[in-house]
Asks: 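Here it is, the structure, as structure tokens.
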Amino acid sequence: MKRVAIIGCGIIGAAIAYELSQLPGLTVQVFDQQPPAQASTGAALGVLMGIISQKVKGKAWAMRQTSIQRYKTLIPELEAATGLKIPYNPQGIVRLCFEGEDRASWQTLKEARLSQGWELEIWQGDRLQSYCPQVMNPRITGAIYSPQDAQVDPTDLTLALVAAAQKMV
Ligand SMILES: Cc1cc2nc3c(=O)[nH]c(=O)nc-3n(C[C@H](O)[C@H](O)[C@H](O)COP(=O)(O)OP(=O)(O)OC[C@H]3O[C@@H](n4cnc5c(N)ncnc54)[C@H](O)[C@@H]3O)c2cc1C
């Protein structure tokens with residue numbers, strides 16, 4: 001039996017612990033000076049910016065793309081394993097655009113994403129108003145909508161990863 005020590009029980013340590021807990025022949029221990037998800041993870045908004053990121057190739061894009069796909073299976077997998085509810089909003093994210101902002105790079109990204117099998121929408125002001133009437137700042141003249149990105153509660157996700165990893169012991 002091999003022993004693995006993980007230092008830090010934020011989202012990263014907890015995710016590594018969960019993935020390693022699925023492998024046979026390993027004993028995994030996570031060490032932290034405080035309870036899980038009390039540092040950066042506890043402060044995070046949990047916005048999952050994969051498709052809307054400006055990365056289109058290389059490792060950084062591959063990791064974002066894999067992550068966005070993995071969340072769709074990870075959330076139900078953890079909820080089933082633990083009985084915990086993980087607040088997860090799969091309805092996408094909206095990035096507001098300000099007047100004078102160059103939208104050409106968004107058009108280029110939209111075309112790149114289309115060729116990669118993903119979607120991005122460029123909303124003009126009237127479309128933004130119809131979906132988000134609460135946005136009333138006249139300097140905001142449109143938005144980028146990324147329907148396949150998401151948001152998750154980072155603390156609840158960390159706690160579920162820990163609970164699921166412990167179940168495998
Ligand atoms: C305000 C804010 C908003 C954010 N919003 C987003 C967002 O929307 N989307 C996004 O993707 N990212 C966001 N982030 C970034 C995200 O929070 C971090 O990338 C992520 O939480 C890092 O996780 P981590 O596990 O590496 O670190 P942490 O969550 O900081 O965990 C590190 C852990 O290590 C422990 N530790 C440190 N040193 C030791 C030691 N010597 N011995 C034992 N334990 C130790 C700490 O106690 C802590 O629990 C945000 C960050 C902040 C601050």
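No experiment lies behind these values; they were computed from the predicted model shown. Order of appearance sets the numbers: ligands from 1, and atoms from 1 within every ligand.
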Asks: With a 4.0 Å cut-off, strictly under, does atom 15 (C) of ligand 1 pick up any protein heavy atom?
Replies: no
Asks: Among all protein non-hydrogen atoms, which one is nearest to atom 26 (O) of ligand 1, and what is the separation to 0.1 Å?
Replies: I12 CG1, 3.2 Å
Asks: Name the option, out of D32, L48, I11, L45, that contains the heavy atom nearest to atom 46 (C) of ligand 1.
Replies: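 Residue with the shortest heavy-atom distance to the ligand atom: D32.
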Asks: Verify the distance criterion only: is there a donor paired with an acceptor across the side chains of Q124 and R127 at less than 3.5 Å?
Replies: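 No donor-acceptor contact under 3.5 Å links the two side chains.
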Asks: Regarding atom 38 (N) of ligand 1: of the candidates R64, Q151, Q33, which has the closest heavy atom?
Replies: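 Minimum heavy-atom distance to atom 38 (N) of ligand 1 goes to Q33.
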Asks: Using a strict 4.0 Å cut-off to heavy atoms of V47, name the atoms of ligand 1 that fall inside it.
Replies: 7 (C), 8 (O), 9 (N), 10 (C), 11 (O)
Asks: Which residue and non-hydrogen atom of the protein lie closest to atom 42 (N) of ligand 1, and at what distance in Å?
Replies: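 Answer for atom 42 (N) of ligand 1: I7 CG2, 3.6 Å.
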Asks: What protein heavy atom lies closest to atom 21 (O) of ligand 1? Include the residue and the distance to one decimal.
Replies: T41 OG1, 2.9 Å
Asks: Which residue from A44, G8, G10 reaches closest to atom 51 (C) of ligand 1 through any of its heavy atoms?
Replies: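 It is A44 that holds the nearest heavy atom.
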Asks: What do you reckon, does S40 have a nitrogen or oxygen under 3.5 Å from a nitrogen or oxygen of ligand 1?
Replies: yes
Asks: Quick check on atom 19 (O) of ligand 1 - does any protein heavy atom sit closer than 4.0 Å to it?
Replies: no
Asks: When you measure from the side chain of Q129 to the backbone of V135, do you find a donor-acceptor pair of N or O atoms at a distance under 3.5 Å?
Replies: yes
Asks: Do the side chains of E79 and K85 get close enough for a salt bridge, i.e. N-O under 4.0 angstrom?
Replies: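 Yes, this pair counts.
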Asks: On the ring face of W61, is R113 found with NZ or CZ under 6.0 Å from the centre and within 45° of the axis?
Replies: yes
Asks: Do we see a donor-acceptor contact under 3.5 Å between the side chains of Q107 and E111?
Replies: yes
